[in-house]
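These numbers come from a predicted model, not from an experiment. Lettering follows sequence order; numbering is per chain, from 1.
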Amino acid sequence: MVVVAMSVDKRRTRTLKDYPLKNTGPVIYWMGREQRASDNWALLYAQELALNLKRPLVVIFTLASGYLDATLRQYSFMLDGLKETSISLEKKNISFALLVGDPPAKAALFINKTNACSVVTDFEPLKIKEAWKKKVAKNISVAMFEVDARNIVPCFFVSPKQEFGAYTLRPKINRILLEFATPYPALKKHPYKYSGAKKGDPFAKAAASLKIDESVKPVNWVEAGESAAKRTMKYFIKEKLARYPDAKNDASKNALSYLSPYLHFGQISSLTVFNEVKKSCTPQDAKDAFLEELVVRRELADNFCLYNKNYDSFDGLPDWAKKTLVKHKADKREYLYSLKELEYAKTHDALWNAAQLEMVNKGKMHGYLRMYWGKKILEWSKSPEDAIKIAIYLNDRYELDGRDTNGYAGIMWAIGGLHDRAWGERDIFGKVRFMSYNSQIKKFNFKEYIKNVPIS
DNA sequence: ATCGGCTCGCGCAA
DNA sequence: TGCGCGAAGCCGAT
């Protein structure tokens, strides 16, 4: 077959299954965490393959019950976004199929049944996703590619190992950032129609068959989906970005982008945000401060989860931190709270309780307080192992952006010194950085913050 | 209000 | 081998 030059950078792609391209059924994009029709390198790559082969393009999404203990809150945000995406895809003559059940089994079955000519999926370093992909690759006889459509600089290309800190990854990203920060081509109206599409609304049926924890309710202050994500981005750039450097660590000020749920579900691409921020009329220091978090810190979290498969447990911490935490494991805890006491915000610390309630009731905790929140869980739990488990449980249960590489890296930073340096030794924390209640309340108007936290 | 020390290890210069 | 410096701090001295 003729190999045509592709506009998606080859360094963004990896081969998961080496097999000659066929010329039979559709090209399939198995959509994972990049849940959007626009500005999606994985989808664009799949479309280019399909155009070259002159075949239809089908996007499939595999929907599992209780994925990593997600609750109705996250499912509802995700499905609302997917509905909008599926409509956008259909408008481009790209078919969308929602497959309910065991993801790798359902995906492989669909690929085999439709006699697909190749399969594209998006990059995500979580263990469960890697296991799914491996299983699918084993059970199909067709080429399968993976595209990093999340990071601006592809994660597996920028570094071959776990980076020690932001300062070791930053220069590697910056050296090649502009090579990868290219504008997105538009998704084309696909000229070859897929004839096997099922009639009817797949979402109604799927919702009925899902078995998920419904005790954590959806939140109504934020709208899901690609167009809401773009509106949120534009509002942030226009109204809040200029004061971001001064106000970002102040939980009583409304200065954050509120983009993390959208970024988590891939309803917006960080490169889209990057390009919009760059071309905005905002002081350079504000752009720099925001882009550091949008690019370096987010991509550092993916780097961590890609190269450290203990990203969600004590074993994944750096050696110096494990050593010092073990040394202080038996230190007396002045306060010791059970999971339920923490979950219901019944501690002696009004600031911590407020942050916890903000998360439980809103699905989003202020970014700066997430650090304080995590460090106090270490201080009040019987071991660092327990603290990590509890923090991940609460984060994944209540945050809209739970189960994100950023969530794991953030918790490991707070509790276990990941990507951080050693500091003065003290009880429980050892040499892991400590944060104190007294310093926090001196830094910002916490009464104002607490006043605005939704208490139910 | 501001400053230095705390303390570890990577990466680069020499 | 030495040295600078880092993902968001704390504390005590001045």
Is there a donor-acceptor pair closer than 3.5 Å between any side-chain N or O of A:Asp122 and the backbone N or O of A:Ala42? no
With B for base contact, S for sugar-phosphate-only contact and - for none (protein heavy atoms under 4.0 Å), nucleotides 2-14 of chain C reads ----BBBBSS---
Every protein N/O within reach of nucleotides 12-14 of chain B N/O, cut-off under 3.5 Å:
none

Is A:Lys431 near enough to B:dC6 that one of its side-chain N or O atoms lies under 4.0 angstrom from OP1 or OP2? no
Can you tell me which stems DNA chain B forms when a stem means 3 or more consecutive Watson-Crick or G-U pairs under 3.5 Å? B:1-6 with C:9-14, B:8-13 with C:1-6
Side chains of A:Glu48 and A:Ser7 only: does a donor on one sit below 3.5 Å from an acceptor on the other? yes
Considering non-hydrogen atoms only, spot the tightest contact between A:Val453 and A:Glu358 and give its length. CG1-N, 3.7 Å
With distance as the sole criterion, is a donor-acceptor pair present between the side chains of A:Asn40 and A:Glu34 under 3.5 Å? no
Please check the phosphate of B:dG11 (OP1 and OP2 only) for any side-chain N or O of A:Lys161 closer than 4.0 Å. yes
What pair of heavy atoms forms the shortest contact from A:Glu124 to A:Lys133, and how long is it? N-NZ, 3.4 Å
Separation of A:Leu325 atom CG from B:dC8 atom C1', in whole Å? 14 Å
Answer yes or no: is there a donor N or O on one side and an acceptor on the other, between the side chain of A:Arg12 and the main chain of A:Ile152, under 3.5 Å? yes
Expressed in whole Å, how much space separates the P atoms belonging to C:dG4 and B:dG4? 15 Å
